[in-house]
Amino acid sequence: MATPFAADETAAVVARARAIAVERLAPLAAELDRHHRFPVESFRALADVGLLGVTVPTRWGGLGGEPLTLALSLSEIARACASTAVGASVTNMVAETLCRFGSEELIARFVPRLTSGEAVTGSFCLSEPAAGSDAASLRATAVRDGDDYVLDGTKMWITSGAYSGVFIVMARTAPAAAGHKGISAFVLTPDLPGFGIGKAEEKTGLLGSNTVPITLDGCRVPAANLIGEEGIGFRIAMTALDGGRITIGAMANGIARAALAAVREHLHATPTGPLRTARKVAYGELLARTRAAELLVERAAVLKGAALRGEVARYTREAAMAKLFATENAKAVTTRAVELLGAAGVDRACVVERLMRDARVTTIFEGTSEVQRLVIGREVLRAGG
Ligand code: CAA
């Protein structure tokens, strides 16, 4: 049984994340947004201090931290640059998923590439053009051929896809009739024949994060790259997303905190009078809601740690609640921040304008708010609640 990371060790990692966020990431954020630039150098800087493998055991180059360590670190990163935070979130998810479900051989081949920054980032390929929220309807196929599998299909909305060196790809090893039981998970690298990277999507926000389709055209991958066994790919994906939803919630909290900082600054510049009082009231409300979102994320992260130690069963419901509340809160806080700042708030040079666009994306990826509501309802009924 793994030993929990001590609270002071988590505090030290989070302090390191904050320092790197303030010194290295924040100064780049506006430029990345304006020029849609993917910050390879930022991921290398995060890897240098272990932040691309926070929960990965130290023998694979990670920090051996807790899910709470990861969540709090990602909030700090997102507060400075949400585009970098999403890439870091997915990379941590990919590394952690390989450690959890992969063989020693598979972990040894791919996880150190992620934690060291050699791979720049990791990507998670589940969605398809006709399989977004209904992930189990995916159509990409993986057909066994001798010592290989041959993959065909298209994966959509792949975060960091044009830059990643390691991809987890879900594909069907049994016909559609087998439903989610026919899905398997593979590790792919972009140098494989038949692996193609499409044109970057033009999104509303997170413009420094790269999002592309990935095409698999007779893509031949060694059978050794199958994660676990055939047929457990959907469970692997859902387990990964339980963790990913906590970190996207954490990221949303970082965005909300950045917007609150801008509102507070504006408040200080407002002369005493009814307007200042009204702004103070608004700030208090947004701060209270953001703290509630942080507590939900922290609770889900602590439960995930307990689940990994076998102390509790699933944390699916808490992860979905954290993602739903935190991302909807970030959307509301950033929108309100724009209104409170008035004309300045809609100026492209103003940080809250970017934060509002970045927050908008968080309610959609890793399961939309509708999907989170569905998951919460189902989990409550499943538990007989
Ligand atoms: N953990 C472990 N296993 C789980 C699970 C979980 N959280 N949730 C479901 N499963 C298992 C179930 O136990 C079941 O297995 P058995 O039949 O063996 O018991 C199996 O998976 C199927 O479960 P469901 O019947 O609940 O599956 P479903 O098809 O009805 O799922 C859904 C519905 C929850 C909406 C799911 O499709 C879903 O989460 N959709 C959203 C997909 C999503 O979040 N995509 C994000 C893309 S990735 C991304 O955005 C990353 C990025 O780059 C930023």
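Values reported hereafter were calculated over all heavy atoms of this structure, with side chains retained and with hydrogens, waters and symmetry mates removed. Start at 1 and go down the list; that is how both ligands and their atoms are numbered.
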Return yes or no for this condition: an N or O of [X] is under 3.5 Å from an N or O of ligand 1.
{"X": "E366", "answer": "yes"}
{"X": "L374", "answer": "no"}
{"X": "S133", "answer": "yes"}
{"X": "D134", "answer": "no"}

Check each atom of ligand 1 against the heavy atoms of [X] and keep those under 4.0 Å away; list them by number with element.
{"X": "K181", "answer": "16 (P), 17 (O), 18 (O)"}
{"X": "A136", "answer": "29 (O)"}
{"X": "D242", "answer": "1 (N), 6 (C), 7 (N)"}
{"X": "S127", "answer": "47 (C)"}

### Query
For A223, does its backbone N or O pair with a side-chain atom of D147 as donor and acceptor, under 3.5 Å?
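Not a single qualifying donor-acceptor pair exists.
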
### Query
Any donor-acceptor pair under 3.5 Å linking the side chain of K331 with the backbone of V361?
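Judged by distance alone, no pair lies under 3.5 Å.
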
### Task
Write out the residue and atom name of the closest protein heavy atom to atom 34 (C) of ligand 1, then the distance separating them to 0.1 Å.
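Minimum-distance protein heavy atom for atom 34 (C) of ligand 1 reads V375 CG2, 3.8 Å.
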
### Message
Give me the residue, atom name and distance of the protein heavy atom closest to atom 27 (O) of ligand 1.
### Response
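Ranking protein heavy atoms by distance from atom 27 (O) of ligand 1, first comes F234 CE2, 3.6 Å.
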
Protein heavy atom under 4.0 Å of [atom]:
{"atom": "atom 19 (O) of ligand 1", "result": "no"}
{"atom": "atom 46 (C) of ligand 1", "result": "yes"}
{"atom": "atom 6 (C) of ligand 1", "result": "yes"}

### Message
For atom 13 (O) of ligand 1, tell me which residue out of R314, M93, R235 has the closest non-hydrogen atom.
### Response
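It is R314 whose heavy atom sits nearest to atom 13 (O) of ligand 1.
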
### Query
Taking atom 30 (O) of ligand 1 as the point of reference, which of E128, R378, R317 owns the nearest heavy atom?
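Nearest option to atom 30 (O) of ligand 1, by heavy atoms: R378.
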
### Message
To the closest 0.5 Å, what do you measure between CG (D358) and NZ (K203)?
### Response
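The NZ atom of K203 is 9.5 Å from CG of D358, to the nearest 0.5 Å.
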
### Message
Heavy-atom pairs closer than 4.0 Å: do any link ligand 1 to the side chain of L241, the backbone, both, or neither?
### Response
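Under 4.0 Å from ligand 1, L241 contributes side-chain atoms alone.
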
### Nearest heavy-atom neighbours spanning R276 and L267
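Smallest interatomic distance, heavy atoms only, reads NH1-O, 2.9 Å.
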
### Query
What are the two closest heavy atoms between R289 and F325, and how far apart are they?
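It is O-CE2, 3.6 Å.
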
### Message
We want to know whether D242 and T316 form a side-chain donor-acceptor pair, criterion being a heavy-atom distance below 3.5 angstrom.
### Response
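Indeed, the side chains of D242 and T316 share at least one donor-acceptor pair under 3.5 Å.
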
### Query
Among side-chain atoms of E328 and S369, is any donor-acceptor pair under 3.5 angstrom?
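Per modelled atom types, E328 and S369 side chains form a pair under 3.5 Å.
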
### Query
Are F167 and F186 close enough that their ring centers fall under 6.0 Å?
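Judged by ring-centre distance (under 6.0 Å), F167 and F186 do not meet the cut-off.
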
### Message
A quick test of your reading: do over 12 heavy atoms of other residues, nucleotides or ligands sit less than 6.0 Å from CD of E202?
### Response
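Check fails, neighbour count at 12 or below.
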
### Query
Heavy-atom contact under 4.0 Å between G132 and ligand 1?
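A heavy atom of G132 does come that close to ligand 1.
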
